[in-house]
Amino acid sequence: MGNTLKARDKQHIWHPYTQMKENPEAIGIVRGSGVWLFDEEGNRYLDSISSWWVNLHGHAHPYIAEKIAEQARELEHCIFAGFTHEPAVRLAENLLKILPANIKKIFYSDNGSTAVEVALKMALQYWQNMQQPQKKRILALEHAYHGDTFAAMSVSARGLFNRAFNEYLFEVTFVPFPDKVSALASVTFLESELQKGDVAAFIFEPLVLGASGMLMYEASVLEKYIILCNKYKTIAIADEVFTGFGRTGKLFASDYIKHKPDIICLSKGITGGTMAMGVTACSEKVYETFLSTDPAHTFYHGHSFTANPLTCAAANASFDLLNQDSCLQSIERISKQQAEFCKRISTHVLVEDSRCCGTIAALTLKTTAGTSYTNELRTQLYQKFLSRAVLIRPLGNNIYAVPPYCISDEELAFLHQQFLEVLDELTYQIR
Ligand SMILES: *Cc1c(COP(=O)(O)O)cnc(C)c1O
């Protein structure tokens, strides 16, 4: 026992989003293949959450692995100030082929939070460069999640995750979440804030607010947000860190609307879930205000590993796979089956709400304990699914399935069946 990954891990490692006093036992994973993760004890788990929403094509994909290995033999890393390389240039070309047409420049960083930091810094400096320093307020959506670094926390909903740092977070005005009954109120509120003339940027997760429980809203509302940002000259920042690369059924959530954001943040699926990378993509309008002989207009932001060639090679490989007809057909197939599943389970006595957006299906379960992240149902559900060979990660009493696109019909049917059976089991327990 002493030599297991589990035991060795426990001695030295502090895990994210984990209360270590509860003596959690991390499951030691030794191998991944397709949608499956295999542990050191010989169990396997269907990764229904794509390992925190990053995996697109399945684990240890041979094509991506080969491309990373090829690149590692050629050039593993080099400084990205004053230097460039083929993987980074090709990735920018690839991304600009599929991003909205107004998006013209790619800025690389290391993860979703840094993609957001960069977007906020770009937006704030844009107004400095434009000699309009009065434009300095930031708007965000109620219930938002944009990451765990300081600016990303500042534009995220205030609560349990960031309480300890609250007084260090900058002030942000939160726009009410546009659920079905309050969509109009949300749009009206946004307009009243924008009219004040001091708003630098509005940052939002388009269509799906992931970490707050897969809350979804209509594309027509998103369209109105962007029209208003254009009308009142405010930078619209779409945080597509989660929604990018096919999750919502189209390549980007921004593809559902005619008007486009000025800045788009990408990460998670960009490398197919193999390596960490962030991208902040911006329009020509934003970019050109940084062109100047005045050093104060330069964008002073960079990371040691900016545009790492291995990471770029992984992203280019994932791009090749994503663009195959078979992958786009899988996204369509999964979306259809997820929608059918949502409809079927919506009448279950334990289900308060079921919703779907592309490949993302989510349920809110009825509970008497409120709908917080720490809802007690959480641990119970997690364990129940694990014992059925399924990895889920409840957000309070919200459970969801966001599988890799390589999931087969049989695997998806198995996954849906486990959801139904676990809910039936819970119903039986509660009664
Ligand atoms: C996960 C997430 C982030 C943060 O990305 P990290 O890579 O975890 O830092 C930012 N925005 C959204 C919408 C996310 O889902």
Side-chain angles (χ1 to χ4, degrees), residues 15-18 47 49-56 107-123 138-159 161-162 165 169 172 174-175 177 201-217 222 225 236-248 251-254 256 261 263-281 301 303 305-306 308 311 314-315 318 357-360 362 373 393-396 398 400-402:
H15 285 268
Y17 280 88
T18 305
D47 186 357
I49 56 165
S50 295
S51 280
W52 255 343
W53 325 340
V54 299
N55 193 292
L56 300 190
F107 191 96
Y108 291 112
S109 67
D110 293 346
N111 55 63
S113 302
T114 59
V116 167
E117 298 278 333
V118 168
L120 293 168
K121 286 173 74 171
M122 270 181 192
I138 307 276
L139 306 184
L141 266 186
E142 182 188 12
H143 306 309
Y145 176 79
H146 295 290
D148 290 344
T149 53
F150 270 86
M153 281 194 291
S154 295
V155 291
S156 298
R158 307 302 165 86
F161 294 175
N162 48 41
F165 319 106
L169 304 183
V172 164
F174 288 96
V175 175
F177 178 76
F202 175 35
I203 182 166
F204 47 83
E205 295 161 87
L207 304 184
V208 186
L209 276 66
S212 57
M214 302 292 164
L215 305 180
M216 299 177 186
Y217 63 95
L222 180 61
Y225 284 164
I237 305 173
D239 177 355
E240 295 230 27
V241 166
F242 170 48
T243 52
F245 304 100
R247 281 294 174 207
T248 67
L251 278 179
F252 298 101
S254 301
Y256 280 89
I263 298 179
I264 297 180
C265 305
L266 302 171
S267 183
K268 294 205 162 105
I270 191 168
T271 62
T274 55
M275 295 167 98
M277 163 173 265
V279 156
T280 308
H301 188 106
H303 299 277
F305 284 99
T306 296
N308 173 259
T311 315
S318 174
C357 180
T359 68
I360 309 161
Y373 178 79
R393 205 179 150 83
L395 295 158
N398 293 298
Y400 60 90
V402 186

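Indexing begins at 1, ligand by ligand and atom by atom, following the structure's order.
Side-chain contact between Val241 and Trp53 is absent, with no heavy-atom pair separated by less than 4.5 Å.
For atom 5 (O) of ligand 1, the nearest non-hydrogen atom from the set Ser109, Ala238, Gly112, Gly147 belongs to Gly112.
Interface atoms of ligand 1 facing Trp53, defined by a heavy-atom separation under 4.0 Å, are 15 (O). Near Phe242, meaning under 4.0 Å from one of its heavy atoms, ligand 1 places the atoms 15 (O).
Within the structure, ligand 1 lacks Glu240 among the residues with a heavy atom less than 4.0 angstrom away. Not a single heavy atom of Trp52 sits closer than 4.0 Å to an atom of ligand 1.
Among the atoms of Ser113, some N or O lies under 3.5 angstrom from an N or O of ligand 1. An N or O contact shorter than 3.5 Å links Asp239 to ligand 1 by distance. In terms of polar-atom proximity, Lys268 is counted as a contact of ligand 1, with an N or O under 3.5 Å from an N or O of the ligand.
Side-chain N or O atoms of Ser267 include one that pairs as donor or acceptor with a backbone N or O of Met277 at under 3.5 Å. Checking side-chain atoms of Thr359 against main-chain N and O of Arg247 turns up a donor-acceptor pair under 3.5 Å.
The protein non-hydrogen atom at the shortest distance from atom 10 (C) of ligand 1 is His146 O, 3.2 Å.
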Pair Phe242-Leu209, side-chain contact (heavy atoms from CB on, under 4.5 Å): steps then yes or no: CA-CA 9 Å; Phe242 170 48; Leu209 276 66; over 6 Å; no
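By the 30° and 60° cut-offs, the orientation of the rings of Phe204 relative to Tyr225 is tilted.
Residues Ser254 and Glu240 bring a donor and an acceptor atom of their side chains to less than 3.5 Å of each other.
Note that CZ of Phe174 and NE2 of His143 are 11.0 Å apart. Values are rounded to the nearest 0.5 Å.
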